[in-house]
Structure formats: C-alpha cells, structure tokens
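Written below as structure tokens is the structure these notes are about.
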Amino acid sequence: MAVTLGLQSLLAVFVVAALTPLLAAALPGPRIPQVVFFLIGGVIIGPHALGVADTASVQLVANVGLGFLFLLAGYELEPALLRERAGRLAIGGWITSVALSLGATAGLAASGFVHDYVPIALALTTTALGTLLPILHDNNMLGGDFGRYVFAAGAVGELFPIVAIAVFLSQGSHFTALLSVAAVGLLAVVLSAVPWIVRSERLKTIIREGQNATGQVMLRWSVVLLFLLLVIAAKFGQDVVLGAMLAGIVLRTWTRRMGIDVSGLEEKFDAVGYGIFIPVFFISSGMTLDIGGIAANPLRVIVFFLLLLVIRGLPSLLIYRRVLPLRQRVEMTFITATALPLLVALAEIGLRDGKMLPSNAAALVGAGALSVLVFPAIATAMARTDRARTATAPADPAVAAEAAEAAEPAERVPRARHPADGLMPWHR
C-alpha cells in the first residue's frame with residue numbers, strides 16, 4: 001500500500017512538472033518563471049486541494065532536488081568575484097540589509113506580528129538571482145560592469161544567508177554550529193585538492209573517455225560528491241543546503257584543475273537536476289503550503305513583499321551610487337529584492353525544525369512568488385524603455401560610450417539557460 005501511494009504521489013508530481021513548461025509557454029505576456037507554476041501545482045495536488053499526492057511519499061526525492069538546486073548554485077559561484085569591487089559592494093549591501101532586517105523584524109516581533117524572529121530576518125536578506133538570470137539575459141542586462149554587479153549581489157544574497165542559516169538555525173548552540181560549519185568548510189577545501197593530489201594522466205584519460213555513453217564518469221562522481229557532503233553536513237548537525245552548495249564549489253574546482261570540458265557536463269546537470277529532481281522539491285514545497293493561513297490573513301504576504309523591496313532592494317540606491325547611474329541603481333533595487341527559491345528552502349527548514357509558524361512560512365513563500373512576478377517585470381521594462389530612448393536620442397559621445405559599455409559582455413556571465421526555466425542557480 002505504501003509503495004502504491006508513493007508511486008501515485010510521484011506520478012502526480014511529475015505530471016505537474018511535465019505540464020509546467022507547456023503552461024509557461026502558452027500564457028500570453030511576459031513568461032512566468034516555472035517555479036511559480038511548480039508551487040501552484042503542488043498546492044493543487046496536495047492535501048489542501050485534490051489530495052492526490054502525499055508529501056511524505058516524495059520527501060526523499062524532494063531532498064535530493066534541494067541538494068541539486070544548491071549544488072548548481074555553488075557550481076556557478078565564482079569566489080574570486082567576491083574579492084573584487086563588485087563583491088565588496090555586494091557584501092556591504094547585504095550587511096546593510098541585515099541591519100535593516102533585524103530592526104524591522106524586531107518591530108514585527110514586538111507588535112506580535114511574528115514570533116519566529118531569526119528565520120524571517122534571514123529570509124528578508126536573500127536574492128534569487130538564479131530565477132532572474134534567464135530573464136536578464138533575454139533583455140541584455142548582463143553585459144559590462146552592471147552584469148558583474150548583478151551577479152555579485154546575487155552570489156552574496158544566496159551564499160551568506162546559507163551560512164547564516166547553518167549557524168543560527170541549527171539545533172545546538174550557535175558556537176557549536178559555527179565550529180561545525182568551519183569543519184564542513186575545511187573538509188570541502190581538502191576535497192578541492194583531490195585533483196591536485198591525484199595527478200594521474202591515466203585517470204584523466206579515463207574520465208575524458210568515460211564522459212558520455214554508458215560511462216558518465218564525471219556525472220556519477222559529481223553525485224557521489226553531492227551525497228558525501230550532504231551526509232557529512234548532516235553528521236555535523238547542518239542542513240543539506242550548506243553541504244550541497246559546498247559540493248558545487250568543490251565540483252567547479254575539480255573540473256578546472258582536471259581540465260575537463262564542462263559544456264557537456266553542464267547539460268547533463270540541467271537534464272538530471274532541472275529535468276527530474278529540482279521540480280520535485282518545489283512541487284513538494286507547494287504541497288506543504290498553508291493556503292488557509294494565507295487566505296485568512298493576506299496582509300502577511302503584502303507586508304513581507306514590501307519588506308523584501310525595502311530591506312533587500314533599497315540599499316542598492318546607496319551602495320552603488322558611485323559606480324552606477326540612478327536608472328541602473330533602481331533596476332538593481334528590483335533585481336536584488338526578488339527572492340523565492342531560498343525562501344522556499346528556508347520555509348521548509350523552519351517548519352521541519354519547528355522554528356517557523358506555518359502561516360509565516362506560507363506568507364514568505366507567497367511574497368517570494370509575488371516578487372518574482374512583479375519586480376523583474378519592472379526592472380526589464382525600465383531597461384527596454386531606456387534602450388528605446390537612447391536609440392531615438394541624438395548622438396551623444398557620452399551616451400554612446402555608456403551604451404557600448406552596457407553591451408560589452410561581462411568577464412564571466414553565468415551560463416544562460418532557457419528563459420522559461422526561472423529556477424536557480426546561478427542556477428541562471
């Protein structure tokens with residue numbers, strides 16, 4: 001009976017996953033990111049609506065999906081970027097968001113609006129650049145310095161909250177959690193050195209020859225690395241998101257040090273992660289949403305939606321005042337305020353550990369979905385309007401130089417996936 005229930009639940013989940021790209025493509029207007037449809041589909045098939053799928057039956061597959069989501073996030077992360085000016089400004093912006101978030105959440109807690117202070121304060125400092133990248137790429141907004149500032153802000157808006165989650169949402173003391181984070185991080189550094197230690201030309205030849213067909217050597221070892229760090233993180237009392245992101249960073253190091261052609265490997269990650277496991281995570285998350293809580297108090301969604309804009313977005317107007325014109329700073333405001341995948345993961349963690357109220361978890365996810373629908377549309381509309389104005393304006397050397405710089409490709413623009421994806425990682 002349990003096996004049948006599990007298969008039935010997986011069938012319902014994958015039907016939603018298969019229908020989503022068709023619906024996203026068929027609807028008129030700006031293309032809505034698939035993650036929004038995943039969440040809605042999860043609600044429909046879950047216990048709050050049709051009840052044809054059981055969350056517990058798909059939980060293991062959903063956890064693997066969560067792992068793949070942040071593996072790809074870590075894989076796309078460029079640590080060197082954080083040492084550049086773009087990275088330093090992004091870190092300053094995130095610290096400003098943290099200060100604003102602590103103050104705002106303290107006020108909400110004092111008024112009795114929330115009781116789960118820490119997870120909500122962290123949630124309001126996140127950025128879902130993975131959801132944004134295909135949209136920004138389609139609108140030519142990832143070129144020049146602006147693209148690097150966007151990518152750095154997104155990297156900090158995902159990496160730093162993940163480390164904070166590992167420290168402040170652990171079951172033990174914060175000091176113990178910090179030591180465990182350091183231990184897992186040290187292990188990741190050691191694993192990064194494996195290709196340097198094992199410098200066998202024969203091994204490299206085997207990997208290159210077994211990349212495709214039935215071998216799939218690198219893909220299989222990538223999965224081994226993912227589960228190894230997931231298990232180790234769990235042993236140290238950490239959540240899977242930290243281990244998964246570290247696995248992605250280590251994997252990027254492996255491919256570089258071994259001189260592996262990553263184009264084919266990245267396509268396989270897309271197929272396995274975004275094609276199979278990651279949709280299960282988002283759909284499963286939709287199945288657990290407390291829709292009754294949202295319907296009973298929709299004000300919570302609006303409040304969190306506005307706080308994302310104020311806390312995570314508005315600091316961009318100040319932080320980038322010396323490097324970006326006002327128009328691009330306003331665009332950056334809406335870009336950095338967009339948050340969803342990490343909010344979903346944070347809500348899952350908070351609910352599982354009993355540190356977040358179901359009503360607040362649902363409201364946060366609802367606010368994140370609303371931010372994905374509204375904020376990128378505003379930013380891209382501003383960019384298109386400015387390009388149209390520039391194209392019709394009289395020739396001006398200063399304007400022409402600015403346009404040429406914006407059109408210039410960034411030193412390293414994250415690989416752009418299909419615009420309908422709307423998932424993470426740098427994940428796009």
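Hydrogens, waters and symmetry mates play no part in the numbers below; they use all other heavy atoms, side chains included.
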**Salt-bridge contact R389-D386 (side-chain N to carboxylate O under 4.0 Å)** = yes
L308 and A367 have their tightest heavy-atom pair at CD1-O, 4.2 Å
Query raised in the report: So do the side chains of Q59 and N63 get within less than 4.5 Å of each other, counting heavy atoms only?
Result: yes
Closest non-hydrogen contact found for L318 with R321 is O-NH1, 2.8 Å
Within a strict 4.5 Å, meaning less than it, do heavy atoms of the F146 and I335 side chains meet?
yes
Correct closest heavy-atom pair for G243 and L229 would be O-CB, 3.5 Å
Is a side-chain donor or acceptor of S284 paired with a backbone partner of T55 at a separation under 3.5 angstrom? no
- Message: With heavy-atom distances below 4.5 Å as the criterion, would you say the side chains of L124 and R312 are in contact?
- Response: no
- prompt: Hey, would you say the F37 and F282 ring centroids sit under 6.0 Å apart?
  reply: no
Salt bridge between E84 and R88, side-chain N to carboxylate O under 4.0 Å? no
Scanning both residues in full, the closest heavy-atom pair of M356 with L364 reads CE-CD1, 3.8 Å
When rounded to the nearest 0.5 Å, the distance separating OG of S371 from CG of L306 is 11.5 Å
The single option from F281, F277, Y274, Y75 that satisfies ring-ring contact (aromatic ring centres under 6.0 Å, His included) with F68 is F277
Give a yes or no answer on whether the side chain of Y149 reaches the backbone of L324 with a donor-acceptor pair at less than 3.5 Å. no
OG (S101) and CH2 (W94) are apart, to the nearest 0.5 Å, by 9.5 Å
_Any non-hydrogen side-chain atom of I120 less than 4.5 Å from a side-chain atom of F304?_
yes
### Query
Is there a side-chain contact between L122 and T126, using heavy atoms and a 4.5 Å cut-off?
no
ask   = After noting the C-alpha distance and the side-chain angles of T288 and E348, does the key distance pass the side-chain hydrogen bond (donor to acceptor under 3.5 Å, both in side chains) rule?
value = CA-CA 9 Å; T288 63; E348 287 281 299; 3.1 Å; yes
Scanning both residues in full, the closest heavy-atom pair of A12 with V52 reads CB-CG2, 4.0 Å
Open item on the list: Check the orientation of F334 and F375. Use parallel for under 30°, tilted for 30 to 60°, and perpendicular for over 60°.
Closed with: tilted
Between T127 and T338, is there a side-chain heavy-atom distance shorter than 4.5 Å? no
_So does D54 get a backbone contact from the side chain of S9, meaning a donor-acceptor N/O pair under 3.5 Å?_
yes
For this session: Please tell me if the side chains of L340 and L39 come closer than 4.5 Å, counting only heavy atoms from C-beta onward.
Result: yes
All heavy atoms of A244 vs all of G67, minimum pair found to be CB-O, 3.2 Å
For a 4.5 angstrom cut-off between non-hydrogen side-chain atoms, does L72 reach I278?
yes
